[in-house]
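Below you'll find the structure, written out as structure tokens, and then a few comments.
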Amino acid sequence: MSSDSRPATPADADLTLDPQDWKAFRALAHRMVDDSLDHLASLRERPPWTPPPADVASAITGEPLPTAPQGAEQVYAEFLAHVLPYTAGNRHPRFWGWMKSNGTPIGMMADMLAAGMNVNAVGMDQSAKLVELQVIKWLAEAMGFPAGTSGIMASGGTMANVIGLAVGRNAKAGFDLRQHGLYGQPRLTVYGSTEIHSWVTKCLELMGMGRDSFRPVPVGDDFRVDVAAMRDMIVADRAAGLRPICVLGSAGTINTGAIDDLDALADLAAQEDLWFHVDGAIGSLGVLSPNLRPLFRGQSRADSLAFDLHKWGYLPYECACVLVRDAEAHRDTFATKAAYLRVEDRGVAAGGLVFAERGPELSRNFKALKAWMALKAEGTDRIAAILEQNVAQARRFGALVGTVPDVVLAATISLNVACWRIAPAGTTPEQQDMLTREVLLRLQETGVAVCSGTVVQGRAVIRVAVANHRSRWADFEQLLAALPAVIADARARTGI
Ligand SMILES: Cc1ncc(COP(=O)(O)O)c(C=O)c1O
């Protein structure tokens with residue numbers, strides 16, 4: 001050190017980002033855990049959604065880059081005041097929008113523990129690799145996949161589906177796609193229902209195949225794909241010089257929760273020598289319940305299956321999984337070589353960079369920990385019972401909402417999604433669309449419940465998607481009881 005106590009060179013400074021006072025930081029950290037748990041335990045006392053007011057928004061977005069330290073206490077105070085209260089509300093018992101999970105306290109703590117470990121879950125000779133391999137083994141077993149199935153935890157259904165489809169594309173392209181790309185090749189085509197989630201087109205764009213590679217197949221009145229129509233399209237496309245590579249099935253569509261005839265799709269894929277990928281982002285975990293399992297017949301025949309644990313697995317974001325039956329095809333899609341990633345049979349990197357060879361990412365966080373802890377702590381039987389509870393809640397709600405004056409059920413309830421719309425006698429379909437959207441927004445704004453909207457058979461509907469382990473039947477009763485007044489309010493506001 002120099003005489004004025006400044007370091008002679010930056011190398012002598014011994015700066016660190018660890019706290020100067022561990023005791024004080026520990027007290028703050030304990031408060032953070034206590035506050036988070038208090039907040040979770042008292043969710044029911046607040047409305048599901050509280051939007052950030054203008055002053056909060058500008059306090060967050062108007063601050064210049066902080067160059068001087070403000071200290072953890074100060075930042076945490078700001079978090080409590082400006083960040084914590086203003087979420088979309090998916091932890092709340094009356095949140096049934098889109099298909100979002102609540103998260104669980106054990107999942108929250110697991111994420112904290114994973115961040116504390118700060119593992120780079122790429123593989124290597126460390127416990128995180130073993131935990132992730134074990135979670136994949138358990139999930140493969142639960143899904144009815146054979147021993148030796150490959151898989152990887154992913155950030156969400158989109159990424160899990162992308163990985164599955166990428167493996168299928170490479171396996172069925174019929175040429176070395178990794179080396180040559182798509183240049184000069186016939187168009188590769190994939191087939192799925194018109195109800196399939198928009199990840200497909202995003203994925204095809206990203207993979208350089210273009211949206212035209214998706215061949216949308218019509219659905220029946222039950223919103224399940226028309227398998228015969230899919231077969232005809234495949235045959236016609238092949239005759240026209242296209243190269244069909246993949247059949248896509250939905251184990252729960254985003255709009256209505258419909259589950260395709262996965263057995264028939266598996267047969268079709270086998271007959272046509274195509275990859276069979278199932279998007280089970282919403283529903284696949286239903287197989288944990290012996291009562292719901294028959295709905296998913298054929299799912300276990302998929303070549304690849306993507307599903308979220310941060311939807312109907314109740315875990316906090318981000319957590320999804322993709323299973324790939326053919327481990328070699330999986331590895332062949334993503335494995336790379338580089339001198340700096342050399343694997344030895346001893347030392348830290350022993351055992352390889354398993355997960356870098358199963359997906360596009362190199363560095364990745366330890367998502368498997370929350371799945372491992374939750375599966376062990378809760379047990380699949382308890383999770384299955386709550387899945388069944390959600391299906392029963394959606395069905396009972398659907399039966400009752402149709403009895404509310406001016407409300408009609410818009411689709412059969414296949415799983416855990418109820419779609420309904422506002423259709424007073426003497427109004428046009430367009431007026432009903434307007435009213436339906438207004439009712440949806442008023443439910444959100446008044447704190448009755450957060451549902452979301454979509455379009456079913458060309459008409460606006462309100463969706464109640466029940467992937468919520470905190471909902472009690474009384475929560476649905478609260479929504480049902482509030483509806484007549486909300487509808488009257490919406491009619492007054494729209495003049496319909
Ligand atoms: C059927 C389906 N597939 C895929 C996705 C995308 O999943 P994620 O939001 O986890 O990326 C969703 C999202 O709602 C979905 O409903």
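Counting from 1, the numbers follow the sequence of the chain as shown. As the structure lists them, so they are numbered: ligands from 1, and atoms in each ligand from 1.
- Salt bridge R442/E445: present, at least one basic N to carboxylate O contact under 4.0 Å.
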Candidate pair T201 and R211, rule side chain to side chain donor-acceptor pair (under 3.5 Å), full reasoning: CA-CA 5 Å; T201 43; R211 280 196 295 255; over 6 Å; no
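- Close approach of ligand 1 to I282 (heavy-atom distance below 4.0 Å) involves ligand atoms 16 (O).
- For the pair R358 (side chain) and G151 (backbone), a donor-acceptor distance under 3.5 Å is present.
- Considering N161, D279, I196 only, the shortest heavy-atom separation from atom 2 (C) of ligand 1 involves D279.
- At most 12 heavy atoms of other shown residues, nucleotides or ligands fall within 6.0 angstrom of atom CZ in R472.
- With a heavy-atom cut-off of 4.0 Å, H197 touches ligand 1 through its side chain alone.
- Note: H277 and W199 have perpendicular aromatic rings, judged against thresholds of 30 and 60 degrees for the angle between ring planes.
- Near A281, the atoms of ligand 1 lying under 4.0 angstrom from a non-hydrogen atom of the residue are 2 (C), 3 (N), 4 (C), 5 (C), 15 (C).
- Heavy-atom proximity to I254, at under 4.0 Å, picks out these atoms of ligand 1: 14 (O), 16 (O).
- Every atom of ligand 1 with a heavy atom of G157 under 4.0 Å away is listed here by number and element: 7 (O), 8 (P), 10 (O), 11 (O).
- The CZ atom of R224 sits 11.0 Å away from atom OG1 of T412, with the distance rounded to the nearest 0.5 Å.
- Judged by the 6.0 Å distance and 45° axis criteria, R396 is not positioned over the aromatic ring of F476.
- If you number the atoms of ligand 1 from 1 as listed, the ones under 4.0 Å from a heavy atom of K311 come out as 7 (O), 8 (P), 9 (O), 10 (O), 12 (C), 13 (C), 14 (O).
- Residue contacts with ligand 1 include G252, since one of its heavy atoms falls under 4.0 Å from the ligand.
- Ligand 1 has at least one atom lying under 4.0 Å from a heavy atom of H310.
- M159 does not count as a contact of ligand 1, since none of its heavy atoms falls under 4.0 Å from the ligand.
- Classification of D237 and R187 as a salt-bridged pair fails, no side-chain N sitting under 4.0 Å from a carboxylate O.
- The distance from ligand 1 to the heavy atoms of D308 drops below 4.0 Å at these ligand atoms: 7 (O), 8 (P), 10 (O).
- Remark: distances from the non-hydrogen atoms of W199 to ligand 1 include one below 4.0 Å.
- The nearest protein atom to atom 6 (C) of ligand 1, hydrogens excluded, is given as T158 OG1, 3.4 Å; this is a heavy-atom distance.
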side-chain contact (heavy atoms from CB on, under 4.5 Å) assessment of V167 paired with W275: CA-CA 9 Å; V167 181; W275 191 264; 3.8 Å; yes
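- When each atom of ligand 1 is checked for a heavy atom of G156 under 4.0 Å away, the hits are 10 (O), 11 (O).
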